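Everything quoted here is computed from the prediction, not taken from an experiment. Below, all heavy atoms of this structure are taken into account, side chains as well, without hydrogens, waters or symmetry copies.
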Amino acid sequence: MPDRDIREALGLRPVINVSGTMTGLGASIVVPEAIAAMTGILPQFVEINDLQRRISPVIARLTGAEAGFVTASCSAGISLAVAGTMTGNDLAAIERLPDATGLKNEVIIQMGHVVSYGAPVDQAIRIAGGKPVLVGQATSAYRYHIEGAINERTAAAIYVISHHVVQYGLVGLKEFAEACHAKGVPVIVDAASEYDLKLFLEQGADIVLYSGHKFLGGPTSGIVAGEKTLVRNAFLQNLGIGRGMKVGKESMLGVMAALIAWETRDHQGIRDREAGYLNLWRDTLDGRPGIKPVIEADPTGNPLDRLRVTIDPEEAHITAWDLADALACGTPPIIVRDHEVEHNYFYLDPCNLHPGQETIVANRLSEELTKARSSNEIIATPLHERNARRFASLLRWPD
């Protein structure tokens, strides 16, 4: 960390992130190699398309793809990849989008994959002029659903890898790709938060989209990787809808540096350090009334564990969401992973901590739980009021 925390000068809260690689918190700690590369290129001029050409072989080497490029975000990558399957290299069609008149524009996606990562997945399809075609049901899909949805208007199919999607009852990627390829439909995989950079192309994807700013530790960006012609057609969308999704020279070079650093990163050493944080938190919480701390593996197979903290409000004298809010409002603010908090648990994610912050988290947990336990009443804010406050704060912006 730098000697001086710039957040103080800006009047920003110095949050500690145990939520994970969340865009709303700034995603991840950018690796030193990326910071150095970005600092070096910022004062200089480059030919942007030539820089993209230099990055493509690096993306190809790390992912096993034929080609790749960098865009503004993984969400942007969805829109660009979909648009590319619709227009090909037709420059006039590229300029007309999102008007898809005369183009194939149907995009197949399993209903259980239509989730929100901060915005709806299907909106990223519609931005390109695509028409989402939902197959199966929220918790059930079969190959015949996919095959039955493909017709002469089908441009592509999207498969989402995420902890947000339904984790059972849906068609796996290999079978999904086989069904689509049998009818000539390319498969686009949204793997924004995934650690394995080669698995999804190996399992049949034609284009894979990765975040450059989550596990890679680069600047905010998205990586489009895959078959050369499909990547080229997606890249050409920068002449159309992609103009509003453009990425700067600093982000492009920062991603390139982060990818190169990924090859020599001590992945096991990082895992061991994170395991130490998890054990500290578990030991801190173990035996406290109404608290059950359990270390759990990542649901999509990333080499990452998290601590699931389940709370019995009757015993702990506080609900899971009220404890999450107390941690977030305290000093220092600690943001937990609370997307399933209505089930009386949240997670502590160890992947974005600076040295020493793990102890601060442990101390704050003890402090808030001791305070709640000493209360004569159970701290239980109605969950709908909490949600209402969240959206009210967004609607008030700017104050």
Side-chain angles (χ1 to χ4, degrees), residues 1 5-8 10-31 34 71-79 114-124 127 160-165 190-195 209-223 245 247 251 254-255 258 298-300 302 304 306 309 320-342 345-354 357 361 364 383 386-399:
M1 293 179 70
D5 191 332
I6 193 173
R7 295 174 295 184
E8 182 180 347
L10 295 171
L12 298 171
R13 298 199 314 151
V15 300
I16 293 176
N17 175 14
V18 286
S19 182
T21 57
M22 300 300 177
T23 298
L25 293 175
S28 293
I29 299 168
V30 177
V31 297
T71 185
S73 65
C74 197
S75 178
I78 296 173
S79 299
V114 181
V115 296
S116 174
Y117 46 74
V121 168
D122 55 320
Q123 186 175 48
I127 286 171
V160 180
I161 311 291
S162 170
H163 66 277
H164 289 299
V165 305
D190 173 5
S193 298
E194 299 310 299
Y195 207 93
L209 313 168
Y210 291 101
S211 168
H213 57 270
K214 291 185 181 286
F215 284 122
L216 279 172
T220 299
S221 55
I223 297 169
M245 307 171 187
V247 63
S251 290
V255 169
D298 180 81
T300 64
N302 289 315
L304 171 72
R306 299 181 181 90
V309 182
W321 54 89
D322 282 302
L323 178 55
D325 290 348
L327 291 166
C329 293
T331 304
I334 294 171
I335 311 298
V336 304
R337 191 180 187 92
D338 65 351
H339 60 280
E340 297 175 8
V341 75
E342 68 272 20
Y345 61 80
F346 57 72
Y347 288 94
L348 301 178
D349 187 305
C351 73
N352 268 315
L353 293 179
H354 293 290
Q357 289 184 332
V361 172
R364 290 277 290 109
L383 190 57
R386 181 181 193 254
N387 294 334
R389 285 199 306 271
R390 172 191 168 202
F391 289 107
S393 67
L394 288 173
L395 293 171
R396 283 197 307 271
W397 187 92
D399 289 329

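- A parallel orientation is assigned to the rings of Tyr347 and His339, their planes being inclined by less than 30° (bins at 30° and 60°).
- Of all heavy-atom pairs spanning Ser79 and Met245, the tightest one is CB-CE, 3.8 Å.
- To the nearest 0.5 Å, atom CD1 of residue Ile335 and atom CG of residue Asp349 are 13.5 Å apart.
- The heavy-atom pair separating Thr71 from Ala76 by the smallest distance is OG1-CB, 3.8 Å.
- Looking only at distances, a side-chain donor or acceptor of Arg7 sits under 3.5 Å from a matching main-chain atom of Val15.
- Distance check, rounded to the nearest 0.5 Å: CG of Leu348 to CG of Asp338 gives 11.0 Å.
- Contact of the Val160 side chain with the Tyr117 side chain is not registered, since no non-hydrogen atoms from C-beta on lie closer than 4.5 Å.
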For this session: For the pair Leu304 and Cys351, evaluate side chain to side chain contact (heavy atoms under 4.5 Å, CB included) and give the outcome as yes or no after the intermediate values.
Result: CA-CA 8 Å; Leu304 171 72; Cys351 73; 4.1 Å; yes

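- Of the candidates Leu327, Asn352, Leu353, Leu353 is the only one forming a side-chain contact (heavy atoms from CB on, under 4.5 Å) with Val18.
- No donor-acceptor distance shorter than 3.5 angstrom exists from the side chain of Asn302 to the backbone of Glu194, with no hydrogens or angles considered.
- Partners of Arg364 by salt bridge (charged side-chain N to carboxylate O under 4.0 Å, His left out), not counting sequence neighbours, listed by chain and number: Glu367, Glu368.
- Closest approach of Pro14 and Pro333 over heavy atoms only: O-CD, 3.8 Å.
- Note that the CG atom of Asp190 and the SG atom of Cys74 stand 4.5 Å from one another [nearest 0.5 Å].
- In summary, the side chains of Glu340 and Tyr345 do present a donor paired with an acceptor at a separation below 3.5 Å, with no hydrogens or angles considered.
- Remark: the backbone N or O of Val30 is not paired with any side-chain donor or acceptor of Ser28 at under 3.5 angstrom.
- In this structure, Leu12 CG and Ile6 CD1 are separated by 9.0 Å, a value rounded to the nearest 0.5 Å.
- With values rounded to the nearest 0.5 angstrom, Gln357 atom CD is found 8.5 Å from Ile334 atom CD1.
- A 4.5 Å side-chain heavy-atom check between His164 and Val121 finds every atom pair outside the cut-off.
- Remark: side-chain polar atoms of Glu8 are not paired, donor with acceptor, to backbone N or O of Asp5 under 3.5 angstrom.
- Judged by distance alone, the side chain of Lys214 and the main-chain N or O of Thr21 form a donor-acceptor pair under 3.5 Å.
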Problem set entry | Working for side chain to side chain contact (heavy atoms under 4.5 Å, CB included), residues Asn387 and Glu342 | CA-CA 11 Å; Asn387 294 334; Glu342 68 272 20; over 6 Å; no

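- When all heavy atoms of Gly254 and Ala34 are compared, the closest pair comes out as O-CB, 3.4 Å.
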For this session: Starting from the C-alpha separation in whole Å, work towards a yes-or-no answer on side chain to side chain contact (heavy atoms under 4.5 Å, CB included) for Asp298 and Arg306.
Result: CA-CA 7 Å; Asp298 180 81; Arg306 299 181 181 90; 2.7 Å; yes

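- Between Pro219 and Val255, the closest side-chain pair of non-hydrogen atoms falls below 4.5 Å.
- Rounding to the nearest 0.5 Å gives a distance of 10.0 Å between CD1 of Ile223 and NE2 of His213.
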